[in-house]
Amino acid sequence: MDTPRENNITHVHYNTIDVSGTEIFYIEAGDKTHPTIILLHGFPSSSFMFRNLINDLKERYHLIAPTYPGFGLSAMPPINEFEYSFDHLSRIVEEFIDIMNITKASFYLHDYGGPVGFRLFVRRPELLDKLFIQNANAYHEGLSDASQPLFDLWENPSAENKEKVAELLALEGTQFQYYEGVSDRSHIDPSAIYTDQYFLDRDGNKDIQLALLYDYRKNVEQYPAWQKKLKELQPPTLVVWGENDVFFTKKGALKYAAELTDITYQFYPSGHFALEEFHRQIALTIDAFLEEKG
């Protein structure tokens with residue numbers, strides 16, 4: 001019997017790599033000679049959030065999705081042994097990119113991927129080719145009233161305010177993030193919710209997530225610097241946005257046009273995790289955008 005041939009199959013690879021003594025899990029797919037897209041995930045997810053998009057795009061692009069320390073299958077050093085800040089996460093990602101020998105790539109930023117990526121571009125602008133932004137905020141106008149518990153925590157990190165924010169870390173909070181604003185709840189794969197929740201529920205992870213949520217106030221302080229860098233770099237940018245996101249608003253998405261001249265928008269009737277409902281449509285939009293921009 002003939003052995004099945006796999007010449008036309010592009011495999012997805014799941015690996016870990018040591019970055020400054022911390023094991024980083026990442027997903028990689030596609031031919032390395034093709035244009036590279038680095039996918040930076042949000043909260044409370046991991047590289048797992050890109051599973052569908054990677055499958056959609058792997059035949060035409062080289063895709064790499066790292067998971068930050070404290071998330072998913074990456075190492076979770078104790079909070080007293082590791083600095084859980086956005087600046088540190090961005091430096092871990094920067095070192096990861098260097099280890100992977102990536103010198104230029106397009107970047108896909110979602111949620112936390114925004115502050116991680118924007119910090120990286122300020123330090124290493126030569127890495128950035130094209131930019132994809134999905135519900136990753138860089139403007140005061142993009143912050144909604146739904147984030148009031150966070151604003152209260154930043155103003156006063158009391159035990160009471162921490163407990164209010166910690167509601168986001170419970171199953172109900174994760175379900176809210178995935179379901180709020182969607183077109184059809186039946187489009188949402190429950191495995192995404194329960195995968196995220198499994199990692200959130202690990203001993204010690206609550207303190208890690210609260211540290212990052214408190215550190216998020218420094219991202220807001222950095223908004224003007226990121227806007228200035230975007231205006232300077234002018235990367236061709238595609239914004240794909242769940243327009244019903246209760247945390248990061250459509251108004252904030254539209255503000256990117258204040259800095260960027262080569263910008264394309266595509267809004268979807270979904271919430272914070274628009275990829276869960278519209279990954280195929282977003283993949284086609286990315287492909288068309290890259291085909292046009294060359």
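Quick caveat: nothing in here was measured; it's all calculated off a predicted structure.
- Scored by the side chain to side chain donor-acceptor pair (under 3.5 Å) test, Tyr61 finds Asp287 as partners (sequence neighbours excluded).
- Here side-chain hydrogen bond (donor to acceptor under 3.5 Å, both in side chains) pairs that include residues 275-284, with residues two or more places apart or in two chains, are Arg51-Glu276, Asp56-His279, His187-Glu277, Ser270-Glu277.
- Thr67 and Ser47 make their closest contact through OG1-OG, 2.7 Å (heavy atoms, listed as atom of the first residue, atom of the second, distance).
- Tyr84 and Phe82 have their aromatic ring centers within a separation under 6.0 angstrom.
- Counting non-hydrogen atoms of other residues, nucleotides and ligands closer than 6.0 Å to OH of Tyr194 gives a total of 12 or fewer.
- One side chain, Gln234 or Thr261, offers a donor N or O that lies under 3.5 Å from an acceptor on the other.
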Distance-only donor-acceptor pairs under 3.5 Å for side chains of residues 206-220, two or more places apart:
residue	atom	partner	partner atom	Å
Lys206	NZ	Glu163	OE2	3.2
Gln209	NE2	Asn205	OD1	3.2
Asp215	OD2	Phe86	N	2.9
Arg217	NH1	Tyr214	O	2.9
Asn219	OD1	Arg119	NH1	2.5
Asn219	OD1	Arg119	NH2	3.2

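- Here the shortest heavy-atom pairing between Gly42 and Met49 reads N-SD, 3.7 Å.
- The pair Glu180-Arg185 does not meet the salt-bridge criterion, since no charged nitrogen lies less than 4.0 angstrom from a carboxylate oxygen.
- Ring pair His110/Phe273 is tilted by interplanar angle, where 30° to 60° counts as tilted.
- Considering only residues two or more places apart in sequence or on other chains, Asn15 meets the side chain to side chain contact (heavy atoms under 4.5 Å, CB included) condition with His13, Tyr26.
- Residues satisfying the ring-ring contact (aromatic ring centres under 6.0 Å, His included) criterion with His140, sequence neighbours excluded, are Tyr223.
- Listed by chain and residue number, nothing satisfies the ring-ring contact (aromatic ring centres under 6.0 Å, His included) test with His62 (two or more places apart in sequence, or in another chain).
- Counting only residues at least two apart or on different chains, the salt bridge (Lys or Arg N to Asp or Glu O under 4.0 Å) pairs with a member in residues 256-267 are Asp262-Lys293.
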Self-check item: Steps toward side-chain hydrogen bond (donor to acceptor under 3.5 Å, both in side chains) verdict (Thr174, Gln197)
Solution: CA-CA 7 Å; Thr174 304; Gln197 196 60 45; 2.6 Å; yes

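- The two atoms that bring Met100 and Ile17 nearest to each other are SD-CD1, 4.2 Å, heavy atoms only.
- Under the rule for a ring-ring contact (aromatic ring centres under 6.0 Å, His included), the partners of Phe71 that lie at least two apart in sequence or sit in another chain are His41, Tyr68.
- Sorted by first and then second residue, the salt bridge (Lys or Arg N to Asp or Glu O under 4.0 Å) pairs with a member in residues 95-104 read Asp98-Arg124; sequence neighbours excluded.
- Take Glu81 and apply the side chain to side chain contact (heavy atoms under 4.5 Å, CB included) test, not counting sequence neighbours, and it matches Pro78.
- When all heavy atoms of Ile188 and Val182 are compared, the closest pair comes out as CD1-CG1, 3.9 Å.
- Legend: residues meeting side chain to side chain contact (heavy atoms under 4.5 Å, CB included) with Ala257, ordered by chain and number and at least two apart, are Ile263, Tyr265.
- Under the salt bridge (Lys or Arg N to Asp or Glu O under 4.0 Å) criterion, the residue pairs touching residues 226-243 are Lys229-Glu232, Glu243-Lys250, with sequence neighbours excluded.
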